[in-house]
Structure formats: C-alpha cells, structure tokens
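A short write-up of the structure that comes next.
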Amino acid sequence: MLEADLNDVLIFVRVVEAGSFTEAGRRLGVPRSSMSRRLSALEKQLGVRLLHRTTRRLDLTELGRAYFERCAESLQQIGEAEQEVKAAQAVPTGRVRVSIPHDLGPQIAPIIADFSTQFPDVRVAVELSQRLVDLVGEGFDCAIRASAQLPDSTLIARRLVTNASGLYASPAYLEARGTPTGPADLAAHRLITFGRDTGPVSWALRREGDEETTEVTVRSSIRTNEPGFARDAVVAGAGIALLPGFLAAEAPPGGLVQVLEEYVGPGSSMFFIHPSARHVSATVRTLRDHLVGAFAAKDTLDHNR
C-alpha cells in the first residue's frame, strides 16, 4: 500500500533533477518554502533522510539515491501511460461494444461496415437484442435505440433520425380485404400492433399539416413485442400496422403499400446512446459522428430524389 504522497515524491525527483529548490520550484510553479516543507514531510513519512542540504548544494544520501532512481523511473512510466491514454482518446482504436435492436440491424449494418473499413484499428462488437440492456452494468460502450421519446436517464443521447409513422399493408391483404378510405374503416380490418401485451391499444392519427389527431381504438389481431416481427407479419398479409418509416423501408421491394397516406402517426426517432458526456473515448465519439453523418447524407439523398 502506498503511504507516501505522490506529489511529494514528484517534488523530490524534480528537486534532484534541477539541483536546487529554487529551480525546481520555478519549473513546477511551487514556492521554494512549500517545496522544502513537502520534502521534509516525505522524509518523515519514510523515516529516512533523502538529501543533505547546505546553503550551496544538495547531495543525495545513499538511500536517497536508490529511492530517486526508482521513483524517477516510475514517474517516467506514469508519464508515458498518460500519453498513451491521451493518444487513445485522440485516435479511434481498440474495441467498441454496441447494442442494437434486431429490427434496426439491416439499416445499421451497412453503416457499421463502412465505419469498420474506414477505421481498421477498431474492433466493433455488435450485439443484437430487443432487450433494453444496462450499458454500464453490462459493459456496453454505446447503444442504438428507437423510441418515440427517450425516458429520463443519466445516459447521453444523440438523435440520428426521426421518421413519422404510417399505416402499411401488403398488396395481397388489400386485394383480399379492400383498402380503408378513412380511420373509421380500420375497425373492419385485421390490425397488427407492437408493444407490451398490457392494456388497450390506440393509434393517434393526424392528417399531415393538421394539429388535431384522431384516436383509433385498436383490437389487435396480432400483438408482438418486436417491431420487426410486426412488419414481417404485415408483409406476409396478416393485416395493417402503424410502422415507423425507417422500419417500413426495410421491407422487401413491393412488400408493403402505404394506406391512408394523408394520415401519419407519432414520430419515432433513432438515438445513439452512451453512458457519460465526460471522457468519451475517441472510438465512441467517432462512431457516433459517423452514424450522424451517414443518416444526414441519407436524409439529403431521400429529399433530393
């Protein structure tokens, strides 16, 4: 167990290196009187004399020389370790562990692949799960989550993209059951919802440009806790679902048709989340910025089509 104050050890080493209290104090920005007092405290703590002091010179004792050599070497190693840590903060490197929901995997995978190509010194460990992981407790560096609104949290969140929700069905389902012409017609259709299987479900639909919403009470034909499953069920012809735009975009070409296109549901956002705003590693910071840039570029492309 270390008993000596590391600041006192540093002062001792710098005094020996400088050859005087005055010069060492100038380099460290510490008054000479404080330097002398701290060195005396170190000698008292160790129970040995480290320096012979005269008005003209400082001489190491035999034990003082051995102590100096070991301490100087240790301080150099500490300094090198600090530089390595700072360098790691400046350049993306090492391993980054990311939690991503299953249903967002197809959209995130190409961006992660591009990031890995650009930064080959980074090892990206992606874990796909619909479970809300404990980033700190389970050792994740960051996560991507989709939600209409993030709960209050000590986590730091950066919004990547926001899409309004829309009503979608498969062409086969609409051919068999007909196409609704207004929100009231939804009561006659098979409806697919996602969320926890507790309590009634309602959809808040709003005409684009209007502020008023129409509440539709939903009787679910299929209810699931995984949004991707709901989308796939719609593609399979099981009914109509209210899906976020970025989730519907992952359906096979021609697999989904938007119905009641003038109505939109609540917006759903995708967030990049990490545990703390302090001391964010260069790797996590660069991955976050890469994702932000990729979604911004995709949004610009979509608007220009």
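Since we're looking at a predicted model, the values are computed, not measured.
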Worksheet item: Where do Thr193 and Trp203 land on the side chain to side chain contact (heavy atoms under 4.5 Å, CB included) test, with the steps shown first?
Response: CA-CA 10 Å; Thr193 62; Trp203 288 342; 3.8 Å; yes

#### Entry: Pair Arg131-Glu138, salt bridge (charged side-chain N to carboxylate O under 4.0 Å, His left out): steps then yes or no
CA-CA 12 Å; Arg131 184 173 59 87; Glu138 298 181 46; 2.9 Å; yes

Original post:
Does the salt bridge (charged side-chain N to carboxylate O under 4.0 Å, His left out) test come out yes or no for Glu69 and Arg65, once each step is laid out?
Top reply: CA-CA 6 Å; Glu69 290 174 356; Arg65 182 170 300 282; 5.1 Å; no

*Pair Tyr168-Val257, side chain to side chain contact (heavy atoms under 4.5 Å, CB included): steps then yes or no*: CA-CA 5 Å; Tyr168 293 88; Val257 175; over 6 Å; no

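Side-chain contact check for Val284 versus Val96: some heavy-atom pair is nearer than 4.5 Å. Side-chain contact check for Val292 versus Arg158: some heavy-atom pair is nearer than 4.5 Å. Residues Arg49 and Leu63 fail the side-chain proximity criterion, which asks for heavy atoms closer than 4.5 Å.
Nearest heavy-atom pair across Ile240 and Val234 is C-CG2, 4.5 Å. Across Leu128 and Pro101, no two heavy atoms sit closer than the pair CD2-O, 3.9 Å. Val98 and Ile100 get closest at one heavy-atom pair: CG1-CG1, 3.9 Å. Closest heavy-atom contact between Leu191 and Leu186: CD1-O, 3.8 Å. Scanning both residues, Thr61 and Leu51, for their nearest heavy atoms gives CG2-N, 4.1 Å. Residue Phe272 comes nearest to Leu291 through the heavy atom pair CD1-CD1, 3.5 Å, listed as atom of the first residue, atom of the second, then distance.
Each of Val136 and Phe271 belongs to its own hydrophobic cluster when Ile, Leu, Val, Met, Phe, Trp and Tyr are linked at side-chain heavy-atom distances under 4.5 angstrom. Linking ILVMFWY residues whenever their side-chain heavy atoms come closer than 4.5 Å, directly or via other members, leaves Val264 and Leu247 in distinct clusters. Linking ILVMFWY side-chain heavy atoms closer than 4.5 Å, directly or via other members, places Val13 and Leu6 in two distinct hydrophobic clusters. Residues Leu58 and Val48 share a hydrophobic cluster, clusters being chains of Ile/Leu/Val/Met/Phe/Trp/Tyr side chains in contact below 4.5 Å.
Among residues two or more places apart in sequence or in another chain, the side chain to side chain donor-acceptor pair (under 3.5 Å) test is passed with Glu127 by Arg97. For Ile112, the side-chain contact (heavy atoms from CB on, under 4.5 Å) test picks out Ile108, Val124, Val126, Leu287, with sequence neighbours left out. When the side-chain contact (heavy atoms from CB on, under 4.5 Å) test is applied to Gln107, the partners found at least two apart in sequence or on another chain are Phe246, Glu250, Met270, Phe295, Lys298. Judged as a ring pair (Phe, Tyr, Trp, His ring centres under 6.0 Å), and not counting sequence neighbours, the contacts of Phe12 are Tyr67. For Arg32, the side-chain contact (heavy atoms from CB on, under 4.5 Å) test picks out Phe21, Thr22, with sequence neighbours left out.
Listed for the Ser34 side chain is no donor-acceptor partner under 3.5 Å among the backbone atoms of Val30. Not a single donor-acceptor pair under 3.5 Å links the side chain of Glu73 to the backbone N or O of Phe68. With hydrogens and angles disregarded, no donor-acceptor distance shorter than 3.5 Å links the side chain of Tyr173 to the backbone of Ala236. Looking at Gln76, its side chain never comes within 3.5 Å of a backbone N or O of Ala72 through a donor-acceptor pair. Distance alone, capped at 3.5 Å, places no donor-acceptor pair between the Asp114 side chain and the Pro110 backbone. Side chain of Ser220 to main chain of Arg223: no donor-acceptor pair is present (N/O by atom type, distance under 3.5 Å, no hydrogens or angles). The main-chain N or O of Pro266 is found under 3.5 Å from a side-chain atom of Ser165 such that the two form a donor-acceptor pair. In this structure, Glu23 contributes its side chain and Ala18 its backbone to no donor-acceptor pair below 3.5 Å. The backbone N or O of Ala188 sits less than 3.5 Å from a side-chain atom of Arg177, completing a donor-acceptor pair.
In the displayed structure, Glu62 atom CD is contacted under 6.0 Å by at most 12 heavy atoms of other residues, nucleotides or ligands. For Gln118, the CD atom counts as densely surrounded, since its 6.0 Å shell holds more than 12 non-hydrogen atoms of other residues, nucleotides or ligands. Residue Arg27 qualifies as enclosed at atom CZ: its count of foreign heavy atoms under 6.0 Å is above 12. Atom CZ of Arg14 has more than 12 neighbouring heavy atoms from other residues, nucleotides or ligands inside a 6.0 Å radius.
Pairs engaging residues 224-243 under the salt bridge (Lys or Arg N to Asp or Glu O under 4.0 Å) rule: none recorded [sequence neighbours left out].
Side chains of Thr217 and Ser202: no donor on one and acceptor on the other come within 3.5 Å. At a cut-off of 3.5 Å, with distance as the only test, no side-chain donor of Tyr263 or Arg206 sits close to an acceptor on the other residue. Side chains of Arg159 and Ser269: a donor-acceptor N/O pair is present below 3.5 angstrom, by distance only.
No close placement of the Phe140 and His274 rings is indicated, their centers lying 6.0 Å or farther apart.
Ion pairing between Glu43 and Arg53 holds under the 4.0 Å rule for side-chain N and carboxylate O.
Taking the six-membered ring for Trp and thresholds of 30 and 60 degrees, His290 and Phe119 have ring planes more than 60 degrees apart, a perpendicular arrangement.
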